[in-house]
Every structure is written in C-alpha cells, then in structure tokens.
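Only one structure is covered here, and it is reproduced in the block below.
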Amino acid sequence: MGTRIDHLVIGASNLVQGAAYVKEQLGVDIPYGGAHDRMGTHNHLMRLGDELFLEVIALNPDREPPNRPRWYGLDDPHVRQSLYNRPALLSWVVNTEYINKLLQKTRGAFGEATLISRGKLSWYFGLPDDGRLLAGGMLPYIIDWQVDSHPAKQMADAGCLFQGLDIYHPYPAWLDSILESIGAADLARIHPLPKNSQAFLEAHIETPSGPRVLRSHAGLWSTE
C-alpha cells in the first residue's frame, strides 16, 4: 500500500483555544481525544474521512515536560508565540506500512521511527531529535499505525470531509523532490511563490455549512 494522507494537525496554545478555533472555522465541535504522555501533549480529534482525521494538539499542563523535545516544533519559541496569537494549521501527516524503509530512502531528514502510544493505540512516528517542525510544516511527518483498523473509523463524525491540500512555496522543485522520495508528491498541490516568500498551507474541508479552508501561519518555514 502506498503513502497516503493520514491527518491534519492544528496547533494551539491550549485545547480550549484550539476547539474554539475549529468551531469558528468549520462550524462543528471537535471532541477530546487523549494524552500523549511521552510527548507531554494532548489532543482533540474528529474524522475527515474513512481513514483521515483532524487533530488539534497542545501542550498538556497536567504532565511534566518530556525528557526530549516535543513533536511538531511545540517547544520552539517562535512556533509557541505564533500559536499563542492564534491557532492554525500546523502540519500534516502521511501514513505508510513500511516506515523504516521510507525513512531510509527519503531525501529529507524526517527523524527516526519512534514508538508512541495513547490508550490502546500505538504507532511508529518519524521524530527528529530536535523536535523541529519539518520545513515549517510544509513537509509531512510519517506515521505507521500498529492497529488492524484505521483509528479514524472510531472517531466522532461531524459531517466534515477532507477535499485537498495546497502548499504555497518559494522553492517548489525542492519540495516536490522530497515529497516524491516518500511517495507523497501526488498528495498535495504545490504552488510556486516568489523567491524568499513565506510558505504556507491550505487544507480544503467540506463542512455541513459548506466549503471551508484551514490555513497555516506564514513565516514558520525553514530549509532542512
């Protein structure tokens, strides 16, 4: 089975703020998911398709900071300040059944396959040692679920469906080359920007109130 989009990640300063942002942008309530004790984060979750979902993630104030950098750049002061000002689409995740093979052949630095768990769920996740946001969120993280059925099937269905992902980037050939190396070049539409412009993401969602767009903050992008 090839690489597929697994989920979209909205970052927030806290989960109350993040859930309110989803309500504002999509017009639906996104329920609580659970805590990631190893990462010191927790989330809200809802499905966007049979095997695709939306995650709102934030630091968990009820857990001690982990002994390693958190994922999605959540320990980066610049990322934290951006999310404190306003939640936003932070990153995206693709899934595979062969994470180690994919990490070995990629042209980018996607980290090492690390076993994570939450409740009865477990998965391998490509984690950079420094916890950085991959290319400012423009490159996806890689996940390999250790379950028989995709967890999105068990998530709350608010009537929202993922329609597509657009990446606006000043170096589209560079981005396309790295995405191609993990079999993800056809998973997003890449649009060129003028050189040295700030890259950003747009995720298109069909909601009960009509089509909506989730956007990232510009200015978090950096080269690998």
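- The minimum heavy-atom distance between Pro65 and Arg70, with the atom names listed, is CA-NH2, 3.6 Å.
- No donor-acceptor distance shorter than 3.5 angstrom exists from the side chain of His44 to the backbone of Val56, with no hydrogens or angles considered.
- Within the structure, the side chain to side chain donor-acceptor pair (under 3.5 Å) test picks out the following pairs touching residues 136-148 (sequence neighbours left out): Asp6-Trp145, Asp144-Gln146.
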task = Give the intermediate values and the outcome of side-chain contact (heavy atoms from CB on, under 4.5 Å) for residues Ile57 and Ile10.
result = CA-CA 6 Å; Ile57 195 165; Ile10 290 177; over 6 Å; no
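- Looking only at side-chain heavy atoms (C-beta outward), Arg38 and Asn67 stay at 4.5 Å or farther from each other.
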request  = Apply side-chain contact (heavy atoms from CB on, under 4.5 Å) to Cys160 and Val28, showing your working.
outcome  = CA-CA 9 Å; Cys160 295; Val28 299; 3.9 Å; yes
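- Of the possible polar contacts, none joining the Ser91 side chain to the Leu89 backbone as a donor-acceptor pair under 3.5 Å is found.
- Minimum interatomic distance between Pro192 and Pro172 (heavy atoms only, all atoms of both residues): CB-CG, 3.8 Å.
- Counting only heavy atoms from C-beta outward, the side chains of Arg4 and Thr96 never approach each other to under 4.5 Å.
- Side chains of His42 and Leu15 form a contact here, defined as non-hydrogen atoms less than 4.5 Å apart.
- You'll find the side chain of Ile142 stays beyond 4.5 Å of the side chain of Val93, heavy atoms only.
- Judged by distance alone, the side chain of Asn95 and the main-chain N or O of Ile143 form no donor-acceptor pair under 3.5 Å.
- Cluster annotation: Val16 and Met46 are assigned to distinct hydrophobic clusters (Ile/Leu/Val/Met/Phe/Trp/Tyr, side-chain heavy-atom contacts under 4.5 Å, transitive).
- With a 4.5 Å cut-off on side-chain heavy atoms, Glu55 and Leu8 do not count as touching.
- Summarising the geometry of Gly33 relative to Leu45, their closest heavy-atom pair is CA-CD1, 4.0 Å, with the distance given to 0.1 Å.
- Under a hydrophobic-cluster definition in which Ile, Leu, Val, Met, Phe, Trp and Tyr are linked whenever side-chain heavy atoms come within less than 4.5 Å, directly or via other members, Val94 and Leu102 are assigned to the same cluster.
- Side-chain contact check for Leu134 versus Pro128: some heavy-atom pair is nearer than 4.5 Å.
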request  = Step by step, work out the side chain to side chain donor-acceptor pair (under 3.5 Å) result for Asn196 and Tyr171.
outcome  = CA-CA 9 Å; Asn196 300 316; Tyr171 304 101; 3.2 Å; yes
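- The hydrophobic clustering, which links ILVMFWY residues whose side-chain heavy atoms are closer than 4.5 Å, places Phe200 and Leu133 apart.
- The structure places CG of Leu90 at 8.5 Å from OH of Tyr72, a figure rounded to the nearest 0.5 Å.
- Counting heavy atoms from C-beta outward, Phe162 and Ile5 have side chains that approach closer than 4.5 Å.
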task = Step by step, work out the side chain to side chain donor-acceptor pair (under 3.5 Å) result for Ser82 and His217.
result = CA-CA 7 Å; Ser82 296; His217 291 310; 5.4 Å; no
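- Rounding to the nearest 0.5 Å gives a distance of 6.0 Å between CH2 of Trp71 and CE of Met39.
- Hydrophobic clustering of Ile, Leu, Val, Met, Phe, Trp and Tyr side chains at less than 4.5 Å, counting indirect connections, unites Leu127 with Val79.
- Taking both residues in full, the closest heavy atoms of Thr3 and Ala184 are given as CG2-CB, 4.4 Å, listed atom of the first, atom of the second, then distance.
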task = Take Gln104 and Asn100 through the test side chain to side chain donor-acceptor pair (under 3.5 Å) and record every step on the way to the result.
result = CA-CA 6 Å; Gln104 289 171 4; Asn100 286 309; 5.8 Å; no
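- Listed for the Trp92 side chain is no donor-acceptor partner under 3.5 Å among the backbone atoms of His7.
- Shortest non-hydrogen contact noted between Leu161 and Gly49 is CD2-CA, 4.2 Å.
- Counting heavy atoms from C-beta outward, Asn43 and Val9 have side chains that stay 4.5 Å or more apart.
- Pairs engaging residues 17-33 under the side chain to side chain donor-acceptor pair (under 3.5 Å) rule: Glu24-Arg86 [sequence neighbours left out].
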query = Given the rule in the salt bridge (Lys or Arg N to Asp or Glu O under 4.0 Å) test, do Asp129 and Arg68 qualify, once you have shown the distances and angles that lead to the verdict?
reply = CA-CA 8 Å; Asp129 288 340; Arg68 55 151 298 138; 5.1 Å; no
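- Checked by atom type and distance alone, the side chain of Thr106 never pairs as donor or acceptor with a backbone atom of Leu103 at under 3.5 Å.
- Of the possible polar contacts, none joining the Ser177 side chain to the Trp174 backbone as a donor-acceptor pair under 3.5 Å is found.
- Annotation for Arg189 and His191: closest pair O-CD2, 3.6 Å, computed over non-hydrogen atoms.
- With salt bridges taken as basic N to acidic carboxylate O contacts below 4.0 Å, none links Asp50 and Lys153.
- Taking CG of Asn14 as the reference point, atom OH of Tyr84 lies at 9.5 Å (rounded to 0.5 Å).
- Between the CD1 atom of Ile116 and the CZ atom of Phe125 there is a distance of 8.0 Å, given to the nearest 0.5 Å.
- Linking Ile, Leu, Val, Met, Phe, Trp and Tyr residues whenever their side-chain heavy atoms come within less than 4.5 Å places Leu165 and Leu187 in a single cluster.
- The distance from the CG atom of Leu201 to the CD1 atom of Ile167 is 5.5 Å, given to the nearest 0.5 Å.
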key: side-chain contact (heavy atoms from CB on, under 4.5 Å) assessment of Tyr168 paired with Met138   = CA-CA 9 Å; Tyr168 295 82; Met138 303 303 109; over 6 Å; no
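- Between His150 atom NE2 and Glu51 atom CD the span is 6.0 Å, to the nearest 0.5 Å.
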Identify every side-chain donor-acceptor pair in residues 204-214 under 3.5 Å, counting partners at least two apart or on other chains, and give the distances.
from, atom 1, to, atom 2, distance (Å)
His204, NE2, Asp166, OD2, 2.7
Thr207, OG1, Ser209, N, 3.0
Thr207, OG1, Gly210, N, 3.2
Thr207, OG1, Gly210, O, 2.7
Arg212, NH2, Ser209, O, 3.3

